[in-house]
Amino acid sequence: MTAIKKIGIIGAGQMGNGIAHVCAAAGFDIILLDISDEALKRGLGTITKNLDRAVAKGKLTEADKAATLGRIKPTTAYADFADSDLVIEAATEDEKIKRAIFAQLCPVLKPEAHIASNTSSLSITRLGAATDRPAKFMGMHFMNPVPVMQLVELIRGIATSEETFSLVREMTLKLGKKPVSAEDFPAFIVNRILLPMINEAVYTLYEGVGSVTCIDTAMKLGANHPMGPLELADFIGLDTCLAVMQVLHDGLADTKYRPCPLLVKYVEAGWLGRKTGRGFYDYTGEVPVPTR
Ligand SMILES: NC(=O)c1ccc[n+]([C@@H]2O[C@H](COP(=O)([O-])OP(=O)(O)OC[C@H]3O[C@@H](n4cnc5c(N)ncnc54)[C@H](O)[C@@H]3O)[C@@H](O)[C@H]2O)c1
């Protein structure tokens, strides 16, 4: 059992850049891949901004910041994953995209390398079967924002070996994160519980029970949630929220998981939350402004 040292990360979006940040900070060498130089530049920009914030707060030295950034190599070429021990896939939540990624990734990987997916909801067993190494494939579900959130859900597919699970668990502990084990059911533990609540908040808005501000304030002050559900939906990304609800609806065949039509409309409009500047709030000004 060889310990993991070199890590490849696919997707430099909000999750991928966060995973690259925490892995590099823990001393792992990182190859970070995305489809374009602009996506990589944006991802590295976010990592730099987050490291700068830690330096300003006195939590990190300039030397540590430089060392962390120095361990992240951006690329658009899969060949750079040739000596990775583990590749973590954190691309868009779309099974077709993930399958296409594995088709490009597997031929360049060394046979003993492991693959983990950061999917929020898709079947680990099915994704693993789309690779050439289901025994070395598992789910590694980080929480957003990755540098802040402690939890990582670890999910075995039906074929995942104990060796892969133990190595990834050990590596998760090296990141200073707390792993919990979840079975391979749609959306695992956190999103099985969290996303139906967010979807219900969108229904509450859709049916006119409350405004954006009233719903978020009610849940913050009435249920002691640190963020309102609509604010949280914008933070997660409305496309990701919809994708998770669709997986729950299809996978568990229960109408209680029906995605709210208003959530569908927002995604169709390209109003995906913070990442596009508009969701249930408008983020183009100094402070977020509710849109309903
Ligand atoms: N947003 C969350 O709160 C959250 C939390 C946990 C897990 N996840 C999961 O993490 C994954 C990524 O989500 P995100 O929020 O970072 O999304 P995002 O939209 O911020 O980033 C996705 C990135 O994937 C890249 N990408 C798309 N197609 C690609 C391809 N073929 N090859 C390489 N890169 C490609 C995009 O360019 C983009 O940079 C999803 O599976 C999502 O379900 C998200």
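In each ligand, atom 1 is the first atom listed, and ligand 1 is the first ligand listed. Sequential numbering from 1 along the given sequence is applied to the chain's residues.
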Visitor: If you measure from atom 25 (C) of ligand 1 to every heavy atom of N191, T119, D34, which option wins on shortest distance?
Guide: D34
Visitor: Which residues, ordered by chain and number, are linked to F188 in its hydrophobic cluster, where ILVMFWY side chains connect at heavy-atom gaps below 4.5 Å, directly or through other members?
Guide: I10, I31, L33, Y78, F81, V87, I97, I101, F102, L105, V108, L109, I115, L122, I124, L127, F137, I155, V247
Visitor: Show the atoms of ligand 1 that are less than 4.0 angstrom away from any heavy atom in I10.
Guide: 33 (C)
Visitor: Group every Ile, Leu, Val, Met, Phe, Trp and Tyr by side-chain heavy-atom contacts under 4.5 Å, then state whether I215 and W271 land in the same group.
Guide: yes
Visitor: Contact between K136 and H114 at the side-chain level, heavy atoms closer than 4.5 Å - yes or no?
Guide: yes
Visitor: I'd like to know if D29 and K5 make a salt bridge, using a cut-off of under 4.0 Å between side-chain N and carboxylate O.
Guide: no
Visitor: For I101, counting its heavy atoms only, list the atoms of ligand 1 lying under 4.0 Å from any of them.
Guide: 30 (C), 31 (N), 32 (N)
Visitor: Is there a continuous path of hydrophobic side-chain contacts, each under 4.5 Å between heavy atoms, that joins M143 to L175?
Guide: no
Visitor: Against heavy atoms of F142, which atoms of ligand 1 measure under 4.0 Å?
Guide: 5 (C), 6 (C), 7 (C)
Visitor: May I ask you to identify the nearest protein heavy atom to atom 41 (O) of ligand 1, giving residue, atom name and distance to one decimal place in Å?
Guide: E93 OE1, 2.5 Å
Visitor: Could you identify the single nearest non-hydrogen protein atom to atom 19 (O) of ligand 1 and state the distance to 0.1 Å?
Guide: K275 NZ, 3.3 Å
Visitor: Using atom types as modelled and distance alone, determine if a side-chain donor or acceptor of K177 lies under 3.5 Å from a backbone N or O of M149.
Guide: yes
Visitor: Could you tell me whether a side-chain N or O of D34 sits under 3.5 Å from a main-chain N or O of A39, the two making a donor and an acceptor?
Guide: no
Visitor: Could you tell me whether the side chains of R192 and Y257 share a donor-acceptor contact shorter than 3.5 Å?
Guide: yes
Visitor: Heavy-atom contacts with I97 under 4.0 Å: which atoms of ligand 1 show up? List them by number with element.
Guide: 28 (N), 31 (N)
Visitor: Evaluating non-hydrogen atoms only, which member of G139, G273, S120, A187 is closest to atom 42 (C) of ligand 1?
Guide: S120
Visitor: H141 heavy atoms, cut-off 4.0 Å: which ligand 1 atoms fall inside?
Guide: 6 (C), 7 (C)
Visitor: A90: heavy atom below 4.0 Å from ligand 1, yes or no?
Guide: yes
Visitor: With heavy atoms under 4.0 Å as the rule, classify the contact between V244 and ligand 1 as side chain, backbone, both or neither.
Guide: neither
Visitor: At less than 4.0 angstrom from any non-hydrogen atom of G13, what atoms of ligand 1 do you find?
Guide: 16 (O), 20 (O), 21 (O), 23 (C), 39 (O)
Visitor: So which heavy atom in the protein is nearest atom 29 (C) of ligand 1, and how far is it from that ligand atom?
Guide: I35 CG2, 3.8 Å
Visitor: Report yes if some heavy atom in the side chain of T76 is under 4.5 Å from a heavy atom in the side chain of S36; otherwise report no.
Guide: no
Visitor: Going only through I, L, V, M, F, W and Y residues with side-chain contacts under 4.5 Å, is there a path from V152 to F185?
Guide: no
Visitor: Select one of side chain, backbone, both or neither to describe which atoms of F235 lie under 4.0 Å from any atom of ligand 1, heavy atoms only.
Guide: neither
Visitor: Any idea how Y283 and Y281 line up, ring-wise: parallel (<30°), tilted (30 to 60°), or perpendicular (>60°)?
Guide: tilted
Visitor: Is R278 paired with D234 through a side-chain N to carboxylate O contact shorter than 4.0 Å?
Guide: no
Visitor: Which of the atoms in ligand 1, numbered in the order shown and given with their element, are less than 4.0 Å from a heavy-atom of T240?
Guide: 43 (O)
Visitor: Between ligand 1 and I236, is the shortest N or O to N or O distance under 3.5 Å?
Guide: yes
Visitor: With heavy atoms only and a cut-off of under 4.0 Å, state how D239 meets ligand 1: side chain, backbone, both or neither.
Guide: neither
Visitor: Nearest non-hydrogen contact with atom 11 (C) of ligand 1 belongs to which option: A100, G11, A91, P145?
Guide: A91
Visitor: So with a 6.0 Å cut-off around CD of E183, is the heavy-atom count from everything else above 12?
Guide: no
Visitor: Has Q14 got a side-chain atom pairing as donor or acceptor with I236's backbone, closer than 3.5 angstrom?
Guide: yes
Visitor: Does at least one non-hydrogen atom of K98 fall below 4.0 angstrom from an atom of ligand 1?
Guide: yes
Visitor: Judged on heavy-atom distance to atom 44 (C) of ligand 1, which of E38, K96, M15, R42 sits nearest?
Guide: M15
Visitor: Which ligand 1 atoms, with their elements, are less than 4.0 angstrom from a heavy-atom of T92?
Guide: 22 (C), 24 (O), 26 (N), 27 (C)
Visitor: Who's the nearest protein heavy-atom neighbour of atom 20 (O) of ligand 1, and how far?
Guide: Q14 N, 3.0 Å
Visitor: Nearest protein heavy atom to atom 10 (O) of ligand 1, by residue and atom, and its distance?
Guide: N118 ND2, 2.9 Å
